[in-house]
Protein chains: 2
Amino acid sequence: MNNTPKVPIPTLERLATYFRYLADLRSMAVETISSTEVEKQTGINAAQFRKDLSYFGEFGKPGVGYNIVDLQNRIAQILRIDRDQHVIVLGAGNLGSALAGYPGLREQGFNIVAVFDASEQKIGQSLFGLAVKDIARLREENNRLQARIAVIAVPASAAQGVADLAVASGVRALMNFAPTILKVPDKIVVRNVSFLQELAVLSYHLTADAQK
Amino acid sequence: MNNTPKVPIPTLERLATYFRYLADLRSMAVETISSTEVEKQTGINAAQFRKDLSYFGEFGKPGVGYNIVDLQNRIAQILRIDRDQHVIVLGAGNLGSALAGYPGLREQGFNIVAVFDASEQKIGQSLFGLAVKDIARLREENNRLQARIAVIAVPASAAQGVADLAVASGVRALMNFAPTILKVPDKIVVRNVSFLQELAVLSYHLTADAQK
DNA sequence: TAGATTGTTAATCGATTAACAATC
DNA sequence: TAGATTGTTAATCGATTAACAATC
């Protein structure tokens with residue numbers, strides 16, 4: 001029984017943007033906002049904004065707009081960031097360490113509960129108050145931690161193995177920083193973050209004849 | 001005179017993926033590859049692959065496939081990663097430091113030439129062999145460095161100011177890690193990397209009724 | 001009530017994929 | 001030549017945006 005009519009990924013991404021934007025408005029003690037005002041300030045088309053929300057219900061009042069606090073709460077519910085989400089970081093290199101210490105995540109309800117690594121030197125070290133754990137013990141540890149989201153921050157050569165281990169340990173969603181295509185079971189969601197891809201797009205647009 | 005018929009962004013992103021994938025094949029001493037083989041190994045539709053390349057010319061031989069070395073070189077040319085691209089990192093916090101030390105970038109032709117920060121304590125420190133420079137001197141420094149790509153790794157509150165400074169210093173492409181919407185002149189390209197967005201999409205898909 | 005703004009339908013735009021003639 | 005695979009056109013799919021009746 002599936003009543004939500006398949007929400008586009010871009011809509012979910014924008015929802016996260018709205019959430020943050022609403023937090024800013026909230027701190028400025030604004031009460032309501034209209035979709036045209038959203039467009040002015042974020043550049044996201046007003047119809048787009050209304051359409052995005054329409055996948056999940058009715059949130060505004062015709063003639064008035066949207067109550068900021070209410071809307072932010074509803075978006076938090078939709079994205080399941082109204083509760084704390086346990087996240088584990090796999091790989092305690094530069095990137096894994098940076099993520100473990102990134103304050104923005106916890107603020108938004110993503111709670112990094114453990115960091116794992118394979119290196120003898122790193123295991124046991126403290127990283128922003130978290131002890132680095134042996135990745136060989138991921139399964140036992142996650143049995144206790146119950147994290148469903150994992151961040152893969154290991155070298156490309158190790159990424160598939162780590163992903164397999166994560167899936168076997170009950171993880172259902174992966175944020176993958178390794179520049180490699182992961183093979184995972186159908187039920188598992190993967191988001192690839194590729195610095196190389198981003199830079200390549202930028203680099204392409206630097207060329208003279210790529211100008212619009 | 002614009003002969004390239006507006007290339008979709010997803011095509012450029014996939015081009016970066018092909019580039020890396022071809023590097024792997026190359027190290028395995030494979031000579032040629034067909035689009036169906038690409039589909040099998042990467043999951044990217046064979047027609048998609050051919051279409052992506054078709055924006056830039058003809059690269060394959062009917063009945064044979066694509067020469068791996070040639071194709072990789074051509075893609076490098078298209079993305080301008082055949083030459084070294086100078087990149088500056090703005091912000092020497094956890095994330096900026098991690099990026100400065102990320103080996104994958106240099107391998108792909110992205111050469112981090114300097115790191116800038118505003119903090120007294122950080123200026124002058126060494127980061128993976130690079131001295132952290134005073135961001136107040138960005139303009140003079142980049143006059144010499146001539147970087148056209150900048151990575152913004154500062155807190156959201158500082159991001160717009162840093163972006164303005166970068167643009168005034170000759171930067172034309174921005175990779176923005178700050179969770180904020182940057183206002184920049186039309187000519188400037190921005191790619192936003194939002195960990196929050198990624199995690200929100202994952203988080204949403206953990207819910208039972210989000211299953212396809 | 002008149003003015004503003006919503007939620008939604010329909011039109012548009014753009015990207016993906018299937019099909020196939022051309023070609024090695 | 002027969003078989004394989006390209007490059008490209010046309011069909012499909014999906015996302016964005018404009019338009020507007022409903023409603024505060």
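Every chain is numbered from 1, with letters handed out A, B, ... down the list of sequences. Computed from a predicted structure; not experimentally measured.
- DNA chain C lies under 4.0 Å from at least one heavy atom of each of the following residues of residues 60-67 of chain B: Lys61(B), Pro62(B), Gly63(B).
- With sequence neighbours left out, Arg144(A) forms a salt bridge (charged side-chain N to carboxylate O under 4.0 Å, His left out) with Glu141(A).
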Base, backbone or nothing for each nucleotide of nucleotides 12-21 of chain C, written B, S, -, heavy atoms under 4.0 angstrom, 5' to 3'? ---SSBBB--
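- Pairs engaging residues 66-79 of chain B under the side-chain hydrogen bond (donor to acceptor under 3.5 Å, both in side chains) rule: Arg26(B)-Gln72(B) [sequence neighbours left out].
- Residues satisfying the salt bridge (charged side-chain N to carboxylate O under 4.0 Å, His left out) criterion with Asp117(A), sequence neighbours excluded, are absent altogether.
- Going from atom CD of Glu31(B) over to atom P of dT5(D) covers 16 Å, rounded to whole Å.
- Within the 4.0 Å cut-off from OP1 or OP2 of dT6(D), at least one side-chain nitrogen or oxygen of Ser35(B) is found.
- In this structure, Phe49(A) atom CZ and dT5(C) atom P are separated by 13 Å, rounded to whole Å.
- Sorted by first and then second residue, the pairs that involve residues 16-44 of chain A and meet ring pair (Phe, Tyr, Trp, His ring centres under 6.0 Å), not counting sequence neighbours, are Tyr18(A)-Phe49(A).
- Distance Glu37(B) CD to dA4(D) P: 14 Å, rounded to the nearest Å.
- As a whole-Å value, the separation of Leu71(A) CG from dT6(C) P is 11 Å.
- Partners of Glu31(B) by salt bridge (charged side-chain N to carboxylate O under 4.0 Å, His left out), not counting sequence neighbours: none found.
- From one end of the helix from dG3(C)-dC24(D) to dC24(C)-dG3(D) to the other, with five pairs defining each end axis, the axis direction shifts by 10° (rounded to 10°).
- Residue pairs meeting the ring pair (Phe, Tyr, Trp, His ring centres under 6.0 Å) criterion with at least one partner in residues 161-194 of chain A, sequence neighbours excluded, are Phe177(A)-Phe195(A), Phe177(A)-Phe195(B).
- Rounded to the nearest 0.5 Å, atoms CG (Leu199(A)) and CZ (Phe110(B)) are 4.5 Å apart.
- Under the side-chain hydrogen bond (donor to acceptor under 3.5 Å, both in side chains) criterion, the residue pairs touching residues 84-107 of chain B are Ser203(A)-Gln85(B), Asp84(B)-Asn111(B), Arg106(B)-Asn111(B), with sequence neighbours excluded.
- A search for salt bridge (charged side-chain N to carboxylate O under 4.0 Å, His left out) contacts involving Asp24(B) returns Arg20(B), not counting sequence neighbours.
- Side-chain polar atoms of Arg50(A) and Gln48(A) form no donor-acceptor pair below 3.5 angstrom.
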Under 3.5 Å, sequence neighbours excluded: what are the donor-acceptor pairs made by side chains of residues 151-171 of chain B?
from: Gln160(B); atom 1: OE1; to: Lys183(B); atom 2: N; distance (Å): 2.9
from: Gln160(B); atom 1: NE2; to: Asp164(B); atom 2: OD1; distance (Å): 2.8
from: Gln160(B); atom 1: NE2; to: Lys183(B); atom 2: O; distance (Å): 2.9
from: Ser169(B); atom 1: OG; to: Leu165(B); atom 2: O; distance (Å): 2.7

